[in-house]
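Below is one structure, written out as structure tokens; the observations come after it.
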Amino acid sequence: MLAVEKKVEQITARDVDFGKWYTDVVKKAELVDYSSVKGCVILRPYAQALWENIQKTLDGMFKDTGHENVAMPLFIPESLLQKEKDHVYGFAPEVAWVTHGGTEPLTERLCVRPTSETLFCEHYARIIESHRDLPKLYNQWCSVVRWEKTTRPFLRSREFWWQEGHTIHATAEEAMEETLRMLDVYATFCENTLAMPVIRGEKSESEKFAGAERTFSIECMMHDGRALQSGTSHYFGDGFARAFNIQFTDRDNKLSFPFQTSWGMSTRIIGGVIMTHGDDNGLVLPPKVAPKQIVIVPVAAHKPGVLDAARALKDRLSAFRVTIDERDQSPGWKFAEHEMKGVPLRIELGPRDIENGVCVMARRDTGEKITAPLEGVEKAVADLLDSIQSDLFTAAKKNLETRTRSALDYDTFKALAGEGGFVRSMWCGGEACEDKVREDTGMKSRCTPFEGDALSDTCPVCGGKADRVMVWGDQY
RNA sequence: CGGGGUGUGGCACAGGUGGUAGUGUGCUUGGUUCGGGACCAAGAGGCCGUGGGUUCGAGUCCCACCACUCCGACCA
């Protein structure tokens with residue numbers, strides 16, 4: 001006698017093979033589909049809805065800090081891209097070129113934007129004359145192209161969607177203030193909206209953005225112990241302004257170069273959400289960005305009164321993003337599917353509940369089932385969603401903390417490196433030490449964190465004098 | 001870019017030595033079910049990744065390319 005085996009479509013266990021698990025979730029949760037061009041994915045409605053929620057919140061934060069949206073062209077003439085030499089050097093290896101218009105070769109080839117600093121600079125040079133024209137606080141939502149060799153949905157694709165903020169100011173102080181303000185916006189957004197705790201800090205000389213004077217980032221810790229750079233903010237000084245000849249007449253009637261910033265966050269953050277909160281049953285989405293916050297699953301939907309009760313419940317919960325799953329499938333099938341898609345809260349409603357004036361609420365994050373009275377359900381749901389949001393953050397924070405450890409000497413450093421996560425150490429600031437760490441451990445410098453005290457005054461790598469902390473980690 | 005793996009109905013896979021393309025699931029229709037991936041019946045659905053080559057004949061053999069995937073290198 002053979003045991004009856006249920007044919008359950010399963011995903012790879014998260015902690016067995018993280019990479020495979022990630023790909024399984026991305027596909028089975030219906031986030032993306034592949035296109036026929038390597039590294040170019042299709043954001044399916046569920047991923048697009050998630051991205052739109054991210055956009056909505058972030059865009060609001062940009063508006064609140066005085067920014068305006070613009071739309072820049074897709075193409076950059078080669079000569080324009082080449083005006084800032086560090087910038088070209090950084091991006092040239094991975095730009096895609098347009099060489100023909102129809103069948104005619106172009107006199108100058110056009111680069112498909114990998115980032116739009118040069119376009120903004122060209123524009124600023126034309127529209128800025130006086131200190132009265134400053135600052136300009138611009139942002140654009142668009143896609144960019146970087147011809148990556150290895151690709152992975154969300155984390156590394158050849159075309160990806162993002163926002164890029166580009167601002168220009170009369171003084172260095174003001175530009176630096178803006179740089180840090182926007183890093184803070186990203187950090188707040190990650191922590192409050194995506195429930196992803198971050199480390200804020202400054203990039204090393206070798207890791208900073210091509211053409212930037214200083215680069216700041218927020219670094220997140222994924223569930224497998226690898227780091228994900230989740231947002232960056234760059235201070236350009238007046239380097240781009242000089243390269244692009246952007247000048248303005250200041251209050252003293254002198255010609256001056258303005259100071260610039262740029263900052264970006266991309267669909268890569270969706271990969272971060274997946275790898276921060278997901279589990280063996282699939283995606284787990286923070287309520288604040290989940291396309292569906294609540295799904296109502298009617299049980300025995302054919303029985304009189306059940307669907308009506310479910311619809312009435314949905315109406316009462318209209319303050320939330322709520323749907324009823326009325327499809328002709330068994331409840332168990334629906335449970336599994338909504339879990340795969342990470343819907344934060346499931347409400348089961350069947351004849352038994354209706355009779356008792358209750359419903360069953362199942363949390364996606366913990367699996368906990370709570371029987372709650374229908375009376376006052378709005379409040380119960382609101383509280384539960386709040387709890388889920390904050391509990392996700394707490395869990396991720398714990399992961400970040402337990403995976404962040406300090407090393408005073410190089411032997412400890414190497415031992416900790418082998419265990420994954422972030423390693424904090426002092427650092428002399430030398431690139432030679434960064435290279436050595438990479439060779440010995442595979443870790444790269446992530447950032448010098450804003451928070452935290454010095455551990456000593458010695459660089460454990462070279463033994464030289466060290467005046468700063470560095471956080472190291474294996475990255476995505 | 002280096003190493004490994006994969007490409008056959010929507011999905012997951014099978015198709016020794018070349019000879020008319022299969023299974024499961026899903027899908028459609030009808031019916032019975034419904035508190036953790038239900039069941040019965042009848043149906044529809046395949047340029048075998050692409051392009052060459054060998055052959056009377058290629059899913060199968062050879063070459064090239066493309067894409068996906070894992071590991072590494074590289075990289076904002």
Side-chain angles (χ1 to χ4, degrees), chain A residues 4-12 16-24 26-28 30 32-41 86-87 89-94 114-115 117 144 146-153 155-156 158 160 162 164 203-204 206-212 215-217 219 227-234 262-266 268 281-282 297-303 306-307 325-340 346-356 358-360 362 367 369 371 438-439 442 444-447 474-476:
Chain A
V4 181
E5 225 176 284
K6 276 183 184 167
K7 292 255 178 186
V8 177
E9 212 182 336
Q10 282 181 333
I11 59 172
T12 307
V16 170
D17 185 340
F18 197 76
K20 187 91 173 47
W21 168 84
Y22 176 81
T23 310
D24 284 350
V26 160
K27 285 193 292 197
K28 299 251 166 72
E30 300 185 332
V32 306
D33 187 25
Y34 295 108
S35 76
S36 51
V37 179
K38 178 184 168 64
C40 297
V41 296
D86 289 340
H87 189 66
Y89 181 78
F91 281 101
E94 54 184 32
T115 179
E117 274 76 8
V144 290
R146 298 179 188 178
W147 216 249
E148 303 283 356
K149 287 168 190 158
T150 54
T151 61
R152 198 162 220 214
L155 299 174
R156 176 139 299 160
R158 285 183 173 171
F160 58 90
W162 76 345
E164 45 178 330
K203 286 292 188 187
S204 71
S206 65
E207 290 287 314
K208 69 182 197 187
F209 179 80
T215 288
F216 301 87
S217 73
E219 304 284 335
L228 186 78
Q229 178 179 296
S230 303
T232 47
S233 190
H234 316 290
S262 83
W263 26 275
M265 182 175 273
S266 73
R268 179 174 228 217
N281 292 324
V297 178
V299 177
H302 61 291
K303 293 200 173 147
V306 173
L307 266 184
D325 191 345
E326 294 191 20
R327 290 175 300 174
D328 187 20
Q329 294 286 358
S330 72
W333 189 92
K334 292 176 184 174
F335 297 169
E337 166 148 318
H338 296 298
E339 278 165 12
M340 179 63 67
R346 176 180 77 238
I347 300 182
E348 302 169 20
L349 189 67
R352 222 161 60 201
D353 305 310
I354 293 166
E355 199 177 313
N356 297 327
V358 298
C359 64
V360 175
K369 281 198 186 190
T371 302
R438 193 183 312 175
E439 273 169 39
K444 292 177 85 172
S445 66
R446 304 310 316 155
C447 67
D474 198 3
Q475 64 162 358
Y476 271 99

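In what follows, every chain begins at residue 1, and chains take the letters A, B, ... in the order their sequences are listed.
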May I ask you to say what [X] touches in the nucleic acid, namely base, sugar-phosphate or nothing, with a heavy-atom cut-off under 4.0 Å?
X: A/T232; result: base
X: A/Q475; result: base
X: A/P153; result: sugar-phosphate
X: A/G19; result: sugar-phosphate
X: A/V297; result: nothing

Quick check: any donor-acceptor pair below 3.5 Å linking the side-chain of A/K369 to the base of B/rG36?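 Side chain to base: pair found, below 3.5 Å.
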Set of residues satisfying ring pair (Phe, Tyr, Trp, His ring centres under 6.0 Å) with respect to A/F18, sequence neighbours excluded: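 In terms of ring pair (Phe, Tyr, Trp, His ring centres under 6.0 Å), with neighbours along the sequence ignored, A/F18 is linked to A/W21.
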So, OP1 or OP2 of [N]: does either fall under 4.0 Å of a side-chain N or O from [X]?
X: A/R152; N: B/rC68; result: no
X: A/T150; N: B/rA73; result: no
X: A/K38; N: B/rC68; result: yes

Partner lookup for [N], please. Criteria are Watson-Crick or G-U wobble with both distances under 3.5 angstrom; report none if nothing qualifies.
N: B/rG36; result: none
N: B/rG7; result: B/rC66
N: B/rC1; result: B/rG72
N: B/rG19; result: B/rC56
N: B/rC48; result: none
N: B/rU29; result: B/rA41

[N] to [M] separation - [atom1] atoms, rounded to the nearest Å:
N: B/rG35; M: B/rG16; atom1: P; result: 43 Å
N: B/rC62; M: B/rU54; atom1: C1'; result: 7 Å
N: B/rU20; M: B/rC48; atom1: P; result: 15 Å
N: B/rG10; M: B/rA44; atom1: C1'; result: 13 Å
N: B/rA41; M: B/rG24; atom1: P; result: 12 Å
N: B/rC66; M: B/rC13; atom1: C1'; result: 23 Å
N: B/rU29; M: B/rG22; atom1: C1'; result: 24 Å
N: B/rU50; M: B/rA67; atom1: P; result: 15 Å

Can you list everything that forms a side-chain contact (heavy atoms from CB on, under 4.5 Å) with [X]? Sequence neighbours excluded, please.
X: A/C447; result: A/I199, A/S217, A/E219
X: A/E337; result: A/R327, A/W333, A/K341
X: A/Y34; result: A/T23, A/K27, A/V41, A/P153

So which nucleotide from [options] ends up closest to the side chain of [X]?
X: A/A300; options: B/rC68, B/rC34, B/rC1; value: B/rC34
X: A/Y34; options: B/rC68, B/rG35, B/rC75; value: B/rC68
X: A/R438; options: B/rC75, B/rC68, B/rG35; value: B/rC75
X: A/R156; options: B/rC75, B/rG35, B/rG36; value: B/rC75
X: A/E339; options: B/rG36, B/rC34, B/rG35; value: B/rG36
X: A/V299; options: B/rC34, B/rG36, B/rG72; value: B/rC34

When you look at A/V358 and A/R352, which way does the side-chain contact (heavy atoms from CB on, under 4.5 Å) test go after all the steps? CA-CA 9 Å; A/V358 298; A/R352 222 161 60 201; over 6 Å; no
Round to the nearest Å and state the distance from [X] atom [atom1] to [N] atom [atom2].
X: A/W21; N: B/rC70; atom1: CH2; atom2: P; value: 13 Å
X: A/K149; N: B/rA67; atom1: NZ; atom2: C1'; value: 19 Å
X: A/D24; N: B/rC68; atom1: CG; atom2: C1'; value: 13 Å
X: A/E148; N: B/rU69; atom1: CD; atom2: P; value: 14 Å
X: A/F335; N: B/rG35; atom1: CZ; atom2: P; value: 8 Å
X: A/L155; N: B/rC71; atom1: CG; atom2: P; value: 11 Å
X: A/K444; N: B/rC75; atom1: NZ; atom2: C1'; value: 6 Å
X: A/W147; N: B/rA67; atom1: CH2; atom2: P; value: 8 Å

Assuming nearest nucleotide by heavy-atom distance, tell me which of A/K20 and A/A301 is located more 5' along RNA chain B.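 Mapping each residue to its closest nucleotide by heavy atoms, the 5'-most match is A/A301.
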5' priority, RNA chain B, between A/G231 and A/S35 [closest heavy atom]: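 Upstream on the strand: A/S35.
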Give a yes or no on whether a salt bridge exists between A/E207 and A/R446, defined as a side-chain N under 4.0 angstrom from a carboxylate O.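 The answer is no: the pair does not qualify as a salt bridge.
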Kindly state whether the ring of A/F209 and the ring of A/F91 have centres lying under 6.0 angstrom apart.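 So the answer is yes for these two rings.
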Grab the N/O contacts between the protein and nucleotides 26-33 of chain B below 3.5 Å, and write none if there aren't any.
residue: B/rU33; atom: O4; partner: A/D328; partner atom: OD1; Å: 3.3

Partner residues of A/S445 under the side chain to side chain donor-acceptor pair (under 3.5 Å) criterion, sequence neighbours left out: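 A/S445 satisfies side chain to side chain donor-acceptor pair (under 3.5 Å) with A/S204, A/E434 only.
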Side chains of A/V299 and A/L349: closer than 4.5 Å at any heavy-atom pair?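 SC-SC contact between A/V299 and A/L349 ruled out.
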Pair A/D17, A/T12: side-chain N/O donor-acceptor within cut-off below 3.5 Å: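 On atom types as modelled, these side chains do not qualify, holding no pair under 3.5 Å.
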How long is the gap from OG1 on A/T151 to CZ on A/R158, to the nearest 0.5 Å?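 Here the rounded value is 6.5 Å.
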